[in-house]
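For reference, the structure discussed in these notes is given below.
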Amino acid sequence: MKTFKSIPGTFDVLPDGHSSGGDTVAPSRMWRFLESVVHDTMARYGAGEIRTPILEPTDLIARGIGALSDIVTKEMFAFERGSTHYVMRPEVTAPVMRAYLQHNLAQKGGTQRLYYIGPCFRAERPQKGRYRQFHQFGLEVIGSEDARADAEAIASLRDVLSGLGLQQYTLRINSLGDADSRPAYKQALVEYLTPMADELSDISRKRLESNPLRILDTKSEKEQALLKDAPLLSDFIDSESRDHHEQVKAYLSDVGIDFVEDPFLVRGLDYYSRTAFEFESPLLGAQSSIAGGGRYDLLSKEVGSKQVVPAVGFAAGMERILLACAAEGIAGPEAARVDVFLVALGDAAIDWTFGAASRLRAQNLEVAFDLKGRSMKAQMREANRQAARFVAIVGDDELAAGEVQLKDMETGEQSPVRLENISDRVKA
RNA sequence: GUGGUCGUAGCUCAGUUGGUUAGAGCGCCAGGUUGUGGCCCUGGAGGUCGGGGGUUCAAAUCCCCUCGAUCACCCCA
C-alpha cells in the first residue's frame, strides 16, 4: 500500500507542536497567537487587511521583482494553461501594488495602509527556516514618500515582535538612494573590486557584471575583509535621499527603536530604493533574517502605473518568527481546556451524553466525551489528558435522579448536581 | 543546482569483531481498583531495521545503486 507524505518544504500544522525532521513546527495555537498579534497591532496603525490571490500573472511578478532576480529566474512555481501564465506568488508586495492600481485605491484620497497574512511559494531547496510553502505577514504603506511612513512600517513591525514577547533581535538599516544615484556607486564599486577579482568567489565575480551591489552582503569572511575599504553607498546617494534617511532615523530614535546602520545592507529585490532594513534573530542558524523591507517607489511604474506611486513596506517570515519564539522560550497562550468531560456508565448514560453535551455547548461550555464506549478508567484518563476542569459522571442512578456527580479535577472534590445546574456550577 | 551528515516502533534513541525469535525509555491500550484521573505495579499492541541488488552458511551490521530527511552554500522571509 502506497503511503503519502507532504511535499518537501511543506508541513502540516497540528494542534500540538511536532518535529518535522530536525525542525519544529509550532502548534496551531501558536500560529493563531502570532496572527492575532499581527491583526491587533495593524489595527492600531489603522491598516486594513488585504487578501490577494495565490495565483498571479507571471509577468506581474517578473516585472515587479526583476526579471533577472534569483526568485524569478529559478525559484518560481509557474505554469501555463491555455494562453494564461500563472505563478504561485513568491511574495506579496507586487500583488498588493497590483490590487492598489487595479482598484484605483489612490482615488480614496489619503495614504493606503494595507496589511496581509498568507502563504507564499518558492521552489528552493528547503532547510532550517526556509520552505517551499512559507508564510508571510506584511504591511504596505502606499501613496506617501514621507519619512514618517518608513518609520511607521518599521515601528509596526517592532510592535509585532515585542507584542509576541521577543527580545533578541536587531534592526539594520541603510539607504539605497534613488534610481540615479545607484549607477554611480555601482561603477565605483566595480572599479574598486575589479583589481581583486581573482580573490573573489566565482559567484561574486559573475555579479561584478550582473549585479555588483549584491556582493556587499556576502557571507564569506574573506570577501568581507576585501570589502573593508570599499566605497560606501552612503557617499553616493543624492542629497534628498540622504535627508530622507536622516529623518527616518530621527523618527525611529524618537520612539526608542534601536537600530544599527549597515552601509552594506542591500536587498535582493530590484524594486527597493532609499530606505532598506532588515530584522535579524541570532537564534536561527543560517536563515537569520526574520523580516525585511524598505521603500519601493520604483515598483508602481514597473507594473504599469502611469505615475510614480511612492510606497514603503515590509515582509516578515512567520516560520522564522515562530522559530525565534521557540528559541526564546515563548510558548504563547496555554492549550485549550475542556470545561466539562462527560463520563458515561452504561448504555442509557451513553445515549444521554450526546444530547447533554449539545445542551451544555449551547450554554457556551467546552464539552467533550468518549466516543468509543470505553471503561470508566479510560474515560477519566481521557478527561485528564484533555485537562478537563470538571468531570460529570452519570450512571443509571444519576439518570433516574436527574443529576450528575460533578467532580472538580483539581481539588478532587465531588458532589451531586442537578442537570440544569451544571452550567452555573462550572462557570462559578 | 552544489556539498556535508544521517535513515532501526508514533517520538527520542541503543544494537559489540556480521551470529538464534531486533531492544529500551516516553507515548498508546488493557488489567491491578466489577463507579473515579494524575503516582505506582503487571501485561499488551505497534518494526518488510527507508527501498532494491550483491558478498556470506548467516546482514540492522560489509559493498553497490536508489529514495528520503537534514544542515550548509546560493538566495531570501
Side-chain angles (χ1 to χ4, degrees), chain A residues 1-3 5-9 11 14 16-24 65 69-76 90-93 117-138 157 201-204 206-207 211 214 217-220 266-269 278-281 284-293 313-324 341 343-346 349 372 374-398 404-414:
Chain A
M1 184 63 149
K2 179 180 162 66
T3 57
K5 290 162 76 172
S6 54
I7 282 172
F11 53 86
L14 304 179
D16 291 318
H18 67 287
S19 66
S20 153
D23 222 350
T24 303
I65 302 180
S69 67
D70 288 297
I71 291 177
V72 171
T73 53
K74 55 186 197 194
E75 295 172 4
M76 292 203 302
E91 56 100 59
V92 193
T93 299
I117 302 178
C120 296
F121 304 83
R122 291 182 199 174
E124 299 181 279
R125 189 106 161 232
Q127 76 187 65
K128 185 181 178 70
R130 199 176 71 187
Y131 311 92
R132 296 221 229 252
Q133 175 176 343
F134 60 104
H135 300 77
Q136 292 189 336
F137 67 87
L157 177 51
S201 65
D202 293 347
I203 297 152
S204 290
K206 270 182 214 152
R207 285 211 187 111
N211 196 353
R214 295 217 51 77
D217 57 9
T218 178
K219 283 182 188 168
S220 151
V266 288
R267 311 236 68 244
L269 285 61
E278 204 163 291
F279 282 78
E280 283 183 312
S281 166
L284 299 187
Q287 310 304 326
S288 58
S289 167
I290 56 179
F314 70 82
M318 298 175 73
E319 286 80 3
R320 291 181 187 178
I321 287 174
L322 291 171
L323 284 172
F341 191 97
V343 171
L345 302 160
K372 297 206 292 193
R374 294 192 293 178
S375 70
M376 178 172 192
K377 187 187 180 102
Q379 293 181 65
M380 290 298 292
R381 198 164 46 226
E382 183 63 29
N384 205 50
R385 194 159 28 224
Q386 296 195 28
R389 294 167 53 223
F390 290 90
V391 158
I393 302 162
V394 178
D396 291 340
D397 294 347
E398 286 82 6
V404 303
Q405 289 291 333
L406 193 68
K407 175 168 182 167
D408 183 319
M409 291 294 274
E410 263 166 44
T411 65
E413 286 167 21
Q414 178 174 325

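To find a chain, count down the sequence lines: A is the first, B the second, and so on, and within it residues start at 1.
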Which one, B:A30, B:A77, B:C74, comes nearest to the side chain of A:Arg381? B:A30

Given B:C29, B:C73, B:A77, which nucleotide is nearest the side-chain atoms of A:Gln127? B:C73

Give A:Ala286 one of three labels, base, sugar-phosphate or nothing, depending on what nucleic acid heavy atoms sit under 4.0 Å from its own. sugar-phosphate

Check whether any side-chain heavy atom of A:Tyr131 lies under 4.5 Å from a side-chain heavy atom of A:Arg122, and answer yes or no. no

NA contact type, A:Pro8, heavy-atom cut-off 4.0 Å: base, sugar-phosphate, or nothing? sugar-phosphate

Could you tell me whether the side chain of A:Arg130 has a donor or acceptor atom within less than 3.5 Å of a complementary atom in the base of B:C74? yes

When rounded to whole Å, the CG to P distance for the pair A:Leu345 and B:U34 reads 12 Å

Quick one: label A:Ile393 by what it contacts on the DNA or RNA (base, sugar-phosphate, nothing), any heavy atom closer than 4.0 Å. base

Quick one: label A:Gly285 by what it contacts on the DNA or RNA (base, sugar-phosphate, nothing), any heavy atom closer than 4.0 Å. sugar-phosphate

By the 4.0 Å heavy-atom rule, please label A:Arg125 as base, sugar-phosphate, or nothing. base

If you look at every strand shown and take non-hydrogen atoms under 4.0 Å, does A:Ala378 touch a base, only sugar-phosphate, or nothing? sugar-phosphate

RNA chain B: A:Met409 or A:Lys377, which has the more 5' nearest nucleotide? A:Lys377

If pairing requires Watson-Crick or G-U wobble contacts with both distances under 3.5 Å, which nucleotide is the partner of B:A72? B:U2

Is there a donor and acceptor pair, one atom on the side chain of A:Glu124 and one on the base of B:A77, closer than 3.5 Å? yes

A:Glu278 near the nucleic acid: base, sugar-phosphate alone, or nothing, with a heavy-atom cut-off under 4.0 Å? nothing

Base, sugar-phosphate, or nothing for A:Gln287, non-hydrogen atoms under 4.0 angstrom? base

Return yes if the base of B:G37 and the side-chain atoms of A:Gln386 contain a donor-acceptor N/O pair under 3.5 Å, otherwise no. no

Does A:Arg385 reach a base, just sugar-phosphate, or nothing at all? Heavy atoms under 4.0 Å. sugar-phosphate

Here's a test for you: under side chain to side chain contact (heavy atoms under 4.5 Å, CB included), which of A:Leu323, A:Leu157, A:Ile321 qualifies with A:Ile290? A:Ile321

Does A:Lys407 make a side-chain donor-acceptor contact with the base of B:U36, cut-off 3.5 Å? yes

Of A:Ala315 and A:Lys74, the one whose nearest nucleotide on RNA chain B sits closer to the 5' end is A:Lys74

Watson-Crick or G-U counterpart of B:G25, or none if no pair lies under 3.5 Å: B:C11

Between the base of B:U36 and the side chain of A:Gln414, is one N or O donor paired with an acceptor at under 3.5 angstrom? yes

With C1' as the reference atom in both, quote the distance from B:C40 to B:U33 in angstrom, rounded to an integer. 13 Å

Steps toward side chain to side chain donor-acceptor pair (under 3.5 Å) verdict (A:Ser289, A:Glu280): CA-CA 4 Å; A:Ser289 167; A:Glu280 283 183 312; over 6 Å; no

